[in-house]
Amino acid sequence: MREQLRELVRQALECCYADNSLTPGEIPPYVVEVPSQDGHGDFASNVAMTLARSQKRSPRAVAQALVANLPQGTGILHRVEIAGPGFINFFLQDAAWQVTLSEIEIQGADYGKSNAGEGKKVQVEFVSANPTGPLHIGHGRGAAIGDTLCRLLAATGWDVTREFYYNDAGAQIANLALSVQARCLGIQADDPRWPANGYQGEYIRDVARAYLAGETVEADDRQVTAARDTDDLDAIREFSVASLRREQDQDLTAFDVRFDVYSLESELYSSGRVDRAVKRMVEKNHTYEQDNALWLRTTDFGDDKDRVMRKADGSYTYFVPDVAYHLDKWERGFVRVVNEQGADHHSTVTRVRAGLQALDAGVPLGWPEYVLHQMVTVMRGGEEVKISKRAGSYVTLRDLIDEVGRDATRFFFVMRRPDSQLVFDIDLAKQQTLDNPVYYVQYAHARIKSIFANAAEKGFTPPRFRDAAVARLETPEELALIRLLAAFPETVAGAAAFFEPHRITGYLQELAGLFHGFYNKNRVITEDAALTGARLFLLACVATTLKNGVGMLGISAPESM
RNA sequence: GCGCCCGUAGCUCAGCUGGAUAGAGCAACGGCCUUCUAAGCCGUAGGUCAUAGGUUCGAGUCCUAUCGGGCGUACCA
């Protein structure tokens with residue numbers, strides 16, 4: 001609907017240029033939007049104000065010319081007015097909205113989808129936790145945002161690959177192996193023989209026990225049987241990594257998050273990709289030697305100082321394999337790559353992009369894209385739940401899922417802009433009342449289903465569009481609902497384009513709110529069969545949209561609650 | 001010190017990439033209800049958009065500076 005109006009405005013503008021009622025020129029950037037204020041029409045455009053300057057005429061005069069040239073007989077416009085400083089307000093015929101309801105029926109589970117991606121390949125890397133412990137709250141937010149982004153991108157026509165990257169070989173993993181080995185040998189954390197900076201969590205004991213018992217563990221991307229030999233550090237490492245990867249997989253599965261591809265940092269080295277990338281940067285003259293180290297001139301690409309690539313001891317700094325990894329992503333054909341990470345990794349953004357430019361491989365500026373989420377604070381009983389990884393006791397993702405449920409956890413994690421810090425109120429998330437936004441949204445869906453069940457007992461079923469007297473839908477609540485239903489596809493498109501899942505939770509809360517308001521004010525099942533049918537049809541459209549919306553968040557739409 | 005993010009109602013947050021009188025939920029206050037889903041519904045009040053400048057027809061939104069919070073800022077990942 002919005003697009004149709006944009007098109008009408010464009011046609012009017014070209015007519016004005018053609019008959020010289022406006023001085024011919026460019027088509028300026030302009031918007032057609034839903035006004036925030038009731039009484040300003042169904043849609044409004046600022047086009048006249050953006051043209052006023054170049055036309056050297058007042059915005060209202062420009063608007064006059066445009067309105068005079070609006071195409072006639074489209075059957076959707078009721079009236080048009082010029083208001084305020086020069087807005088053009090469009091009032092649509094009620095019948096124009098009926099198209100929306102027809103569309104929802106036709107598209108069903110696909111309503112809300114669009115095709116901006118045109119089937120092009122996008123990769124989303126998220127979570128990417130190293131296998132040194134259970135997933136914590138921060139990973140949970142990343143998992144929820146990343147997975148939702150994948151669903152949104154898929155819904156807007158992208159061919160999405162979900163990828164998980166981790167390190168199974170570095171210093172932290174060696175530390176993990178030593179910690180498990182110590183537990184195997186019965187060494188306690190307060191023992192002088194305990195490894196420096198060893199992992200003290202209870203889960204380390206579990207891994208050690210399983211290793212000694214000769215268990216076999218199977219993760220999504222690897223399977224290992226314990227060698228039971230406490231001297232074989234390599235075997236302990238392999239087993240520990242597999243064990244913790246399996247733990248993470250179980251948590252992610254409980255969260256309904258899955259990956260298509262797992263990538264290992266160690267493979268970047270063993271395959272020679274790291275060396276190849278370094279060699280190429282050297283050949284392209286973006287590096288220099290100084291103080292026994294190899295430096296990348298990242299200042300050529302917007303960094304505030306150059307960065308060391310290869311240390312005096314011959315090993316690479318952390319961003320080098322990251323550059324090699326992203327070159328690999330590029331060579332795999334992803335025209336877009338999105339990295340979802342905690343904001344504490346933001347320093348890598350400039351370096352990885354600089355490294356890719358230094359490779360001169362045709363990678364566009366600003367590739368890859370990043371979504372960095374801020375910290376999560378967990379509140380219970382009005383107090384902050386302290387997270388202490390060192391002590392080995394902290395709120396894990398699994399704890400949260402077990403306590404408040406998958407749906408509520410996911411909803412809360414994506415409810416805020418990734419950019420802003422998030423307060424996770426456990427008490428609110430658990431509440432079975434309408435104060436809880438998840439409950440509020442899901443209950444709207446369940447309530448509609450309940451009404452359908454009630455209607456069925458009285459012999460009513462929701463009709464097909466062609467049999468529904470949709471013209472009978474004329475109360476303010478009904479019209480507001482239809483208008484909001486019509487805005488769902490563009491809301492999804494915006495959320496996907498700007499990587500902002502919270503637009504979906506906001507939309508769903510608003511839609512649920514309008515529905516509950518409608519419900520409280522109007523009876524659905526009445527003696528008036530035609531009106532009852534029309535309302536049942538409307539509610540079927542609301543239910544479809546709610547279900548599609550929560551589906552994009554990976555959340556269920558219960559039939560009853 | 002430098003970089004990135006944030007600062008909007010008492011609290012938690014929106015504000016659709018510069019538009020009209022800045023919104024929602026909770027809490028507060030006032031009323032109604034016992035009717036398809038259940039303590040629910042309606043209404044009222046609440047603001048110098050951190051501060052000060054700037055850009056322009058128009059700024060919560062863009063620019064500069066300052067203040068406050070978070071995260072980075074190692075030849076750690």
Side-chain angles (χ1 to χ4, degrees), chain A residues 2 29 31 33-37 39-40 44-46 49-50 52-53 58-59 83-87 89 130 132 166-167 170-173 265 290-295 303-305 307-319 321-322 342-350 370 372-375 377 379 382 415-425 428 432-437 440 443 446-455 457-458 460 487 490-491 493-495 497-498 500 502-503 505-507 509-510 513 516-517 519-526 532 535 539 560-561:
Chain A
R2 193 213 288 245
V31 297
E33 61 182 358
V34 179
S36 54
Q37 200 72 28
H40 289 158
S45 179
N46 65 346
M49 287 172 322
T50 63
R53 170 171 288 257
S58 77
F87 288 100
N89 293 342
N130 283 340
T132 54
Y166 69 97
N167 187 356
Q172 295 306 315
I173 299 297
E265 183 179 336
Q290 184 182 310
D291 303 331
N292 284 326
L294 180 67
W295 296 67
D303 206 350
D304 53 354
K305 58 181 176 185
R307 305 291 169 176
V308 169
M309 298 170 63
R310 192 174 56 222
K311 303 180 239 180
D313 67 5
S315 64
Y316 293 111
T317 55
Y318 67 89
F319 85 93
D322 226 3
D344 54 342
H345 289 84
H346 72 75
S347 63
T348 67
V349 176
T350 309
Y370 283 83
L372 303 177
H373 66 260
Q374 294 285 332
M375 239 177 48
T377 308
M379 301 287 284
M415 198 164 50
R416 307 300 181 206
R417 292 172 52 213
D419 262 353
S420 69
Q421 295 180 18
L422 171 71
V423 176
F424 194 115
D425 184 338
L428 180 61
Q432 304 280 308
T433 72
L434 297 182
D435 291 343
N436 180 347
Y440 190 71
Y443 181 56
R447 185 174 243 177
I448 291 171
K449 295 298 176 177
S450 167
I451 293 170
F452 286 174
N454 197 297
E457 283 181 19
K458 299 192 167 97
F460 291 110
E490 67 199 47
T491 302
F498 294 96
E500 293 188 343
H502 75 282
R503 296 193 191 194
T505 56
Y507 176 89
Q509 289 180 82
E510 194 179 347
H516 290 305
Y519 171 87
N520 287 319
K521 203 159 173 180
N522 303 280
R523 256 196 107 72
V524 176
I525 302 163
T526 62
T532 299
R535 287 182 167 167
L539 294 197
S560 67
M561 289 173 72

Could you tell me how far [M] sits from [N] if I compare only their [atom1] atoms? Round to whole Å.
N: B/rG43; M: B/rC33; atom1: C1'; result: 14 Å
N: B/rA14; M: B/rU8; atom1: C1'; result: 10 Å
N: B/rG53; M: B/rC71; atom1: P; result: 32 Å

Legend entry - Between A/Asp313 and A/Ser315, a side-chain donor and acceptor under 3.5 Å: yes
For [X] and [N], what is the distance between atoms [atom1] and [atom2] respectively, to the nearest whole Å?
X: A/Ile451; N: B/rU37; atom1: CD1; atom2: C1'; value: 9 Å
X: A/His516; N: B/rC36; atom1: NE2; atom2: P; value: 15 Å
X: A/Tyr519; N: B/rC36; atom1: OH; atom2: P; value: 6 Å
X: A/Asp304; N: B/rG1; atom1: CG; atom2: P; value: 16 Å
X: A/Arg523; N: B/rC36; atom1: CZ; atom2: C1'; value: 5 Å
X: A/Asn520; N: B/rU37; atom1: CG; atom2: P; value: 12 Å

Inset, instruction - Between A/Met375 and A/Pro59, name the one whose nearest nucleotide on RNA chain B is closer to the 5' end. - result: A/Pro59
Inset, instruction - Answer with base, sugar-phosphate or nothing: what part of the nucleic acid does A/Asn436 contact at a heavy-atom distance below 4.0 Å? - result: nothing
Inset, instruction - Tell me what A/Met561 touches on the nucleic acid: a base, only sugar-phosphate, or nothing, going by heavy atoms under 4.0 Å. - result: base
Taking all non-hydrogen atoms of both residues into account, name the closest pair between [X] and [Y] and its distance.
X: A/Tyr443; Y: A/His516; result: CD2-CE1, 3.7 Å
X: A/Met49; Y: A/Pro59; result: CG-CB, 3.7 Å
X: A/Val349; Y: A/Leu372; result: CG2-CD1, 4.3 Å

Inset, instruction - Would you write the dot-bracket representation of RNA chain B, where each base gets (, ), [, ], | or . depending on whether it forms a Watson-Crick or G-U pair under 3.5 Å and with which partner? - result: (((((((..((((.....[...)))).(((((.......))))).....(((((..]....))))))))))))....
Inset, instruction - Kindly write out the residues that satisfy salt bridge (Lys or Arg N to Asp or Glu O under 4.0 Å) with A/Lys449, not counting sequence neighbours, or none if the list is empty. - result: none
Inset, instruction - Kindly state whether the pair A/Tyr443 / B/rU37 counts as stacked, where counting means centroids closer than 5.5 Å and planes tilted less than 30° apart. - result: no
Contact pattern, 5' to 3', of [range] - B, S or - by protein heavy atom under 4.0 Å:
range: nucleotides 72-77 of chain B; result: S-SBSB
range: nucleotides 26-34 of chain B; result: S--------
range: nucleotides 7-23 of chain B; result: -----SSSSBB-BBB--

Inset, instruction - State, with a plain yes or no, whether a side-chain heavy atom of A/Tyr519 is found less than 4.5 Å away from one of A/Ile451. - result: yes
Can you tabulate the close N/O pairs, meaning under 3.5 Å, that link protein atoms to atoms of nucleotides 59-64 of chain B?
none

